[in-house]
Amino acid sequence: IIVNRIWKHYFGRGIVVTLDNFGKAGARPTHPELLDWLAVGLVDNDWSLKSLHRRILLSAAYRQDSAVGELQQRHDPENRLFSRMPLKRLEAESLRDSLLAAAGELEMRQFGPSDPVTARADGLVTATRGPRGWRRSIFLLQRRTQIATLLQNFDLPRMNPNCIERPVSNVAPQALHLLNNKMVHDLAVSFAGRVREEVGIDQQAQLQHVFMLALGRSPTAEEQDISAQYMKELVAQWLKEQPDKKEEAHQRALDNYCHAVMNLAAFIY
């Protein structure tokens, strides 16, 4: 059962789809021999979960890309046979932590009391910033009536007695939150400030550093060209409003660019 659950977290669904039902009324495993082999291996390795994670992560199944080719479309359209790696959106806590980490606002301090949350007059529930930033989402105080809005919008499970499996939705408030929320915008400004501090004012170096910090890779040649054109248009737009503040226009354009990257599907998935 634990092997099946860990597999589910990596591949989006379990070898037995019904996580809470391994009985006759539940779904049959798609790969029964694989499930048995992993379970026996767990026991043989003294119940070491680390060894189980390593075995899955080093497998060819896990290291596939997510492209859907003609062969997969014909023989495994629903990916029941794990012929490709499914796209998975970051869980609510991971998404919030990733936004903070990119902005350089993630405080790694552990233990101690939970971080408080505040219900604002406009109905949003937000975490209180500490002297060195925000801590990871796992340290947020959770009350049934006061769940951080960002986490709630991205399907944080409700605090009911049982949660067999997290819901995964794809709805407009999620995109609107990342696009319009003031805290996300402030984090984008901090992100841009971090980039300027670490690589200076060279625009090409800035764009490459944004990609590396947010997505863990360098931009492709096409992405670099599109980004450079986007920055050029943003700078021109800001200069229209304040023609005498060229340096500030470049700073604001980078703020906007970092905000756009935080809204990319490549950042969220």
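Positions are given from 1, in the same order as the sequence printed here.
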Under 3.5 Å: donor-acceptor pair, side chain of [X], backbone of [Y]:
X: Asn181; Y: Val184; result: yes
X: Asp97; Y: Arg136; result: no
X: Lys88; Y: His9; result: yes
X: Asp255; Y: Ala192; result: no
X: Arg89; Y: Ser169; result: yes
X: Gln64; Y: Ala61; result: yes
X: Ser83; Y: Asn79; result: no
X: Glu93; Y: Leu151; result: no
X: Asp20; Y: Ile164; result: no
X: His259; Y: Leu187; result: no

Exercise: identify the closest heavy-atom pair between [X] and [Y]:
X: Ala127; Y: Arg96; answer: CB-NH2, 3.6 Å
X: Pro157; Y: Arg166; answer: CG-CG, 3.5 Å
X: Cys258; Y: Phe191; answer: CB-CD2, 3.6 Å
X: Thr18; Y: Gly26; answer: OG1-CA, 3.6 Å
X: Gly133; Y: Glu107; answer: O-OE1, 3.8 Å
X: Ser51; Y: Asn45; answer: OG-CB, 3.4 Å

Practice prompt. Starting from Leu58, walk the hydrophobic network (Ile, Leu, Val, Met, Phe, Trp, Tyr; side-chain heavy atoms closer than 4.5 Å) and list everyone else you reach, by chain and number.
Written response: none
If you measure from [atom1] on [X] to [atom2] on [Y], what distance do you get to the nearest 0.5 Å?
X: Leu99; Y: Met262; atom1: CG; atom2: CE; value: 5.5 Å
X: Asp115; Y: Arg135; atom1: CG; atom2: CZ; value: 4.0 Å
X: Thr30; Y: Arg13; atom1: OG1; atom2: CZ; value: 5.0 Å

Worksheet item: Should the ring pair Phe82 and His31 be called parallel, tilted or perpendicular, given that the plane angle runs from 0 to 90° and is split at 30 and 60?
Response: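 Tilted, since the angle between the ring planes falls between 30° and 60°.
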Practice prompt. Specify whether Tyr230 and Tyr257 have parallel, tilted or perpendicular ring planes, treating 30° as the upper limit for parallel and 60° as the lower limit for perpendicular.
Written response: tilted
Any [X] side-chain heavy atom under 4.5 Å of [Y] side chain:
X: Ile268; Y: Leu178; answer: yes
X: Leu42; Y: Trp47; answer: yes
X: Leu95; Y: Phe267; answer: yes
X: Leu207; Y: Gln203; answer: yes
X: Met183; Y: Leu100; answer: yes
X: Arg84; Y: Ser66; answer: no
X: Gln73; Y: Leu71; answer: no
X: Leu213; Y: Val195; answer: yes

Discussion item. Check this for me: does any side-chain nitrogen of one of Lys182 and Asp186 sit under 4.0 Å from a carboxylate oxygen of the other?
Written reply: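 Judged by the 4.0 Å cut-off on N to carboxylate O distance, Lys182 and Asp186 do form a salt bridge.
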Item to complete: Before accepting this row, confirm whether a basic side-chain N of the pair Glu78/Arg80 lies closer than 4.0 Å to the acidic partner's carboxylate O.
Response: no
Worksheet item: Can you name the salt bridge (charged side-chain N to carboxylate O under 4.0 Å, His left out) partners of Lys246, sequence neighbours left out?
Response: none
Discussion item. According to salt bridge (charged side-chain N to carboxylate O under 4.0 Å, His left out), who are the partners of Arg129, at least two apart in sequence or on a separate chain?
Written reply: Glu105
ILVMFWY cluster, [X] and [Y] together (side-chain gap under 4.5 Å):
X: Val261; Y: Leu176; result: no
X: Tyr269; Y: Met85; result: no
X: Leu81; Y: Leu35; result: no

Discussion item. Evaluate Gln229 against Glu233 for side chain to side chain donor-acceptor pair (under 3.5 Å), listing each step before the verdict.
Written reply: CA-CA 6 Å; Gln229 180 62 31; Glu233 293 174 3; 3.1 Å; yes
Worksheet entry | Ser114 and Gln142: CA distance, side-chain angles, deciding distance, side chain to side chain donor-acceptor pair (under 3.5 Å) verdict | CA-CA 9 Å; Ser114 302; Gln142 288 198 33; over 6 Å; no
